[in-house]
Amino acid sequence: MNAKVRVMTPRDYAAVMKLWRTTPGMGLHAADDSRPGVLRFLRRNPGMSFVAFDGPLLVGAVLAGHDGRRGTLHHLAIAQTHRRQGIGDALVARCLRVLARQHIPKCNIFVYGDNTSGQAFWLHTGWAARDDLRVLQKPTAGSVRKCKAC
Ligand SMILES: CC(C)(COP(=O)(O)OP(=O)(O)OC[C@H]1O[C@@H](n2cnc3c(N)ncnc32)[C@H](O)[C@@H]1OP(=O)(O)O)[C@@H](O)C(=O)NCCC(=O)NCCS
């Protein structure tokens, strides 16, 4: 692997976004992946997200963070031209190392059900599918249920 990996900074946003936009299977979110959204994530999880460069060219990126209990990786993407060179593995390894240093014992990822190639990468690199769990989700604003005791 010739690429250099370093911590993602706010100045990387435009190049990272360009990579994500051109990578199928990213599932970009208008607010979360806007500049303020990504910068907020980086501020909340300092030094945990990484980028890979081939010379001046950004060729890989991943967001990582944790909630004090479990880590989560988002949007791992490697440029088509630079795949199968160990760069994805290297970015993930950096994230896991930082999470472990912060005493986070396990890390989760979310992969779209139809992203078979992404799933194959995770399984090949030692991640285990939790078939006993399902992801449930709810917006935080405007959807609070009227509860009897509130
Ligand atoms: C998935 C992805 C990040 C892999 O990045 P990469 O830099 O090509 O992966 P690496 O070269 O580090 O591969 C590490 C190992 O996984 C294997 N691997 C890589 N892609 C694979 C795939 N699609 N299927 C099976 N194995 C794969 C490699 O052969 C290598 O195995 P080895 O160490 O035994 O030789 C990249 O293909 C990508 O950006 N895909 C599109 C975005 C995506 O799906 N991201 C995941 C979203 S959750």
Side-chain angles (χ1 to χ4, degrees), residues 1-140:
M1 186 194 82
N2 291 322
K4 283 208 159 60
V5 172
R6 67 157 169 77
V7 168
M8 188 188 294
T9 74
R11 293 169 75 170
D12 297 317
Y13 177 77
V16 168
M17 198 58 200
K18 190 173 166 200
L19 173 65
W20 286 342
R21 279 216 181 95
T22 52
T23 303
M26 277 295 97
L28 296 177
H29 184 272
D32 297 346
D33 295 310
S34 65
R35 182 182 288 274
V38 171
L39 269 44
R40 189 169 55 242
F41 185 88
L42 295 180
R43 266 197 311 276
R44 191 185 186 284
N45 301 283
M48 306 191 75
S49 298
F50 293 90
V51 282
F53 280 87
D54 179 1
L57 193 68
L58 186 142
V59 295
V62 63
L63 294 176
H66 71 79
D67 60 12
R69 206 177 154 94
R70 292 287 176 263
T72 312
L73 307 187
H74 302 274
H75 294 357
L76 172 67
I78 307 299
Q80 299 264 11
T81 47
H82 286 71
R83 290 188 186 167
R84 303 276 181 158
Q85 297 176 27
I87 302 174
D89 225 5
L91 286 173
V92 172
R94 289 288 293 267
C95 296
L96 295 183
R97 217 175 299 146
V98 176
L99 288 167
R101 245 185 262 138
Q102 298 198 19
H103 309 287
I104 302 299
K106 291 183 186 176
C107 184
N108 297 327
I109 45 148
F110 300 98
V111 195
Y112 283 107
D114 61 359
N115 185 356
T116 49
S117 156
Q119 289 176 51
F121 164 78
W122 294 112
L123 292 170
H124 183 82
T125 55
W127 293 66
R130 290 288 305 260
D131 294 329
D132 55 331
L133 295 177
R134 297 201 66 183
V135 177
L136 285 86
Q137 202 171 64
K138 195 179 197 182
T140 52

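Whatever order the structure lists ligands and atoms in, that order sets their numbers, starting from 1. Heads up: numbering here begins at 1 and tracks the sequence.
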*Asks:* On a heavy-atom basis, which atom in Cys107 and which in Leu96 lie closest, and how many Å separate them?
*Replies:*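 Answer, listing the atom of Cys107 first, then Leu96: CB-CD2, 3.8 Å.
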*Asks:* Can you tell me if Arg44 has over 12 outside heavy atoms packed within less than 6.0 Å of its CZ?
*Replies:*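 Not buried by this count: 12 neighbours or fewer within 6.0 Å.
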*Asks:* Are there more than 12 heavy atoms of other residues, nucleotides or ligands under 6.0 Å from atom CZ of Arg21?
*Replies:*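 No.
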*Asks:* Nearest protein heavy atom to atom 5 (O) of ligand 1, by residue and atom, and its distance?
*Replies:*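 Ranked first by proximity to atom 5 (O) of ligand 1 is Ile78 CG1, 3.4 Å.
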*Asks:* Need the ligand 1 atom indices (1-based, order shown) with element for anything under 4.0 Å from a heavy-atom of Ile87.
*Replies:*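 Answer for ligand 1: 7 (O), 12 (O).
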*Asks:* Number the atoms of ligand 1 from 1 as they appear, then name those within less than 4.0 Å of a heavy atom of Gly118, with their elements.
*Replies:*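 Counting from 1, the qualifying ligand atoms are 44 (O).
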*Asks:* Could you tell me if the side chain of Val111 sits less than 4.5 Å from the side chain of Phe121, heavy atoms only?
*Replies:*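 Sidechains of Val111 and Phe121: no contact.
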*Asks:* Out of Gln85, His124, Arg84, His82, indicate the one that has the non-hydrogen atom closest to atom 21 (C) of ligand 1.
*Replies:*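 The nearest heavy atom belongs to Arg84.
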*Asks:* Between Trp122 and ligand 1, which part of the residue brings a heavy atom under 4.0 Å of the ligand: side chain, backbone, both or neither?
*Replies:*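 Within the 4.0 Å criterion, Trp122 contacts ligand 1 through side-chain atoms alone.
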*Asks:* With a 4.0 Å cut-off, strictly under, does atom 31 (O) of ligand 1 pick up any protein heavy atom?
*Replies:*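 Within 4.0 Å of atom 31 (O) of ligand 1, protein heavy atoms are found.
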*Asks:* Can you tell me which residue and heavy atom of the protein come closest to atom 12 (O) of ligand 1, and the distance to 0.1 Å?
*Replies:*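 The protein heavy atom lying closest is Asp89 N, 2.8 Å.
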*Asks:* Determine whether more than 12 heavy atoms belonging to other residues, nucleotides or ligands lie under 6.0 Å from atom CG of Asn2.
*Replies:*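 Not more than 12 within 6.0 Å, no.
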*Asks:* Closest heavy-atom contact between Ala64 and Ser49?
*Replies:*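 The pair with the smallest heavy-atom distance is N-OG, 2.9 Å.
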*Asks:* Is Ile109 touching ligand 1 with its side chain, its backbone, both, or neither, if touching means heavy atoms under 4.0 Å apart?
*Replies:*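 Under 4.0 Å from ligand 1, Ile109 contributes no heavy atoms.
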*Asks:* Please list, in number order, the atoms of ligand 1 under 4.0 Å from a heavy atom of Ala120.
*Replies:*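 In order of number, 24 (N), 25 (C).
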*Asks:* Specify the protein heavy atom at minimum distance from atom 9 (O) of ligand 1: its residue, its atom name, and the distance to 0.1 Å.
*Replies:*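 Minimum-distance protein heavy atom for atom 9 (O) of ligand 1 reads Phe121 CE1, 3.5 Å.
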*Asks:* Heavy atom to atom 41 (C) of ligand 1, shortest distance: which of Arg83, Met26, His75 holds it?
*Replies:*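 Answer by nearest heavy atom: Arg83.
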*Asks:* Just jot down the ligand 1 atoms closer than 4.0 angstrom to any heavy atom of Ala77, in number order.
*Replies:*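 Under 4.0 Å from Ala77, ligand 1 has these atoms: 39 (O).
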*Asks:* Out of the candidates Ile87, Thr125, Leu76, only one should pair with Val92 under the side-chain contact (heavy atoms from CB on, under 4.5 Å) rule; please name it.
*Replies:*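 Exactly one candidate clears the test, Leu76.
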*Asks:* Please work out, at 4.0 Å between heavy atoms, whether the side chain, the backbone, both, or neither of Thr23 comes within that distance of ligand 1.
*Replies:*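 Side chain only.
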*Asks:* Val5 and Ala90: which non-hydrogen atoms are nearest, and at how many Å?
*Replies:*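 Closest approach of Val5 to Ala90, heavy atoms only: CG2-CB, 4.4 Å.
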*Asks:* Can you pull out the closest protein heavy atom to atom 7 (O) of ligand 1? Residue, atom name and distance to 0.1 Å, please.
*Replies:*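 So the nearest neighbour among protein heavy atoms is Gly88 N, 2.8 Å.
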*Asks:* Using a strict cut-off of 4.0 Å, indicate which atoms of ligand 1 neighbour a heavy atom of Ser117.
*Replies:*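 It comes down to these atoms of ligand 1: 22 (C), 23 (N), 24 (N).
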*Asks:* What protein heavy atom is closest to atom 45 (N) of ligand 1, reported as residue, atom name and distance in Å?
*Replies:*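 Protein heavy atom with the smallest distance to atom 45 (N) of ligand 1: Leu76 O, 2.8 Å.
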*Asks:* Which is closest to atom 10 (P) of ligand 1 by heavy-atom distance: Gly86, Ala61, Pro24?
*Replies:*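 Ranked by closest heavy atom to atom 10 (P) of ligand 1, first place is Gly86.
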*Asks:* Quick check on contacts: which atoms of ligand 1 are under 4.0 angstrom from a heavy atom of Asn115?
*Replies:*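 Within the 4.0 Å cut-off of Asn115, ligand 1 contributes 43 (C), 44 (O), 47 (C).
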*Asks:* Under a 3.5 Å cutoff, is there a donor and acceptor pairing between the side chains of His74 and Asp32?
*Replies:*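 No pair is found: no donor N or O on one side chain lies under 3.5 Å from an acceptor on the other.
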*Asks:* Which atom names give the shortest non-hydrogen contact between Gly65 and Phe41, and what distance separates them?
*Replies:*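 For Gly65 versus Phe41, the nearest heavy atoms are N-CZ, 3.8 Å.
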*Asks:* Work out which heavy atom in Asp114 is nearest to a heavy atom in Gln119; give both atom names and the distance.
*Replies:*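 Nearest heavy atoms, Asp114 then Gln119: N-NE2, 4.3 Å.
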